[in-house]
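Have a look at the structure below before the remarks.
Each chain gets a letter, A, B and so on, in the order the sequences are listed, and its residues count up from 1.
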There are 2 protein chains.
Amino acid sequence: MSFPPSAAMAAALTEARAAGARGEVPVGAVIVAPDGSIVASGGNRTRELNDPTAHAEIVALRAACATAGSERLPGHDLVVTLEPCAMCAGAISLARIARVYYATADPKSGGVDHGARVFSHATCHHAPAVFGGIGETAATALLTEFFAARR
Amino acid sequence: MSFPPSAAMAAALTEARAAGARGEVPVGAVIVAPDGSIVASGGNRTRELNDPTAHAEIVALRAACATAGSERLPGHDLVVTLEPCAMCAGAISLARIARVYYATADPKSGGVDHGARVFSHATCHHAPAVFGGIGETAATALLTEFFAARR
């Protein structure tokens, strides 16, 4: 995959906008195969599905695993518009994702570079490489607009 | 719910045995409503479903939320045969589970009292009360037998 993964982040941002239009917190994610193709994408669906686990990353990971017929996705990358929370970081590790690219850092709820820092412990048996701040401006603007509109 | 929640843990153990019989790591979980009734139960299904997120806790949480028509389960307890991992701990927090009762501690992969200790950070916006070692002997024996048979 090219670096920075701008096409994949653009696709994740499209998913985030669609989530926002559905009344969800606007976060989107895509899974990129080793050949650079996007094999799954997803946006937040927690409200629609009444499912606290339906964060964009989990939606995309489950779809990619179902397509691959495997609970692991070695060599695959996850590109997401917001720093993953602890739940999503745990799922990313379990799926053996190779690299995580996220746009906006999340000091309040993030679990990768903040808080639980899930990948940094000995109990985390697979830690992906992490690249933050990729395509940050557009993703941050989307979140800021969303929360401003709700206040 | 009575303390210790022996009927709920027995039900979780039944789920764990069923998971083991399906070739999954034998872990089971149940969700208990404020009135003491078991509203959902689940066992590990990661292999069967090719879904790295299909840990017993997530299976049970998703089922309980779907039934409740809500992404949050305030006042509900989660009873599980093994200390939850970081992913499951994150999901438990997002679902606003009131109390977590687990049987066997998991120093290698646990994310509650080991490793990421997900509930202990400021980024964790809801931390349940946690009670470990509940009904430990039977759950630990089940896991020990399972892994011994695979070596």
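Only the side chain of B:Thr53 comes within contact range of chain A, judged by heavy atoms closer than 4.5 Å. Residue B:Arg96: no heavy atom, backbone or side chain, is found under 4.5 Å from chain A.
The NE2 atom of A:His114 sits 13.0 Å away from atom NE2 of B:His121, with the distance rounded to the nearest 0.5 Å. Between the SG atom of B:Cys85 and the CE atom of A:Met87 there is a distance of 11.0 Å, given to the nearest 0.5 Å.
For the pair A:Asp51 and B:Glu71, the tightest heavy-atom approach, listed with the atom from each and the gap, is N-CB, 3.9 Å. Nearest heavy-atom pair, B:Leu94 versus A:Pro52, reported as atom, atom and distance to 0.1 Å: CD1-O, 3.7 Å.
Hydrophobic clustering of Ile, Leu, Val, Met, Phe, Trp and Tyr side chains at less than 4.5 Å, counting indirect connections, unites A:Val32 with A:Tyr101. A single hydrophobic cluster is seen to contain both B:Val130 and B:Val80, as judged by linkage of ILVMFWY side chains at heavy-atom distances under 4.5 Å, directly or through other members. A continuous path of ILVMFWY side-chain contacts below 4.5 Å connects A:Phe119 to A:Ile31, so both sit in one hydrophobic cluster. If you chain together hydrophobic residues whose side chains sit under 4.5 Å apart, B:Ile134 and B:Val27 never meet in one group. Under a hydrophobic clustering in which Ile, Leu, Val, Met, Phe, Trp and Tyr are joined whenever their side-chain heavy atoms come within less than 4.5 Å, directly or via other members, A:Phe131 and A:Leu78 fall into different clusters.
When each of A:Ala91, A:Ala122, A:Cys124 is scored by its heavy-atom pairs under 4.5 Å with chain B, the top score falls to A:Ala91. Counting heavy-atom pairs closer than 4.5 Å to chain A, the top residue among B:Pro107, B:Gly115, B:Gly110, B:Ala54 is B:Gly115. Annotation: maximal heavy-atom pairing with chain B below 4.5 Å, among A:Ser93, A:Gly90, A:Ala95, A:Gly69, occurs at A:Gly69.
Residue A:Arg72 places its CZ atom among 12 or fewer non-hydrogen atoms of other residues, nucleotides or ligands, all under 6.0 Å distant.
Formation of a donor-acceptor pair under 3.5 Å by the B:His125 side chain with backbone atoms of A:Lys108 is found in this model.
The interface of residues 55-66 of chain B with chain A, defined by heavy-atom distances below 4.5 Å, comprises B:His55, B:Ile58, B:Arg62, B:Cys65, B:Ala66.
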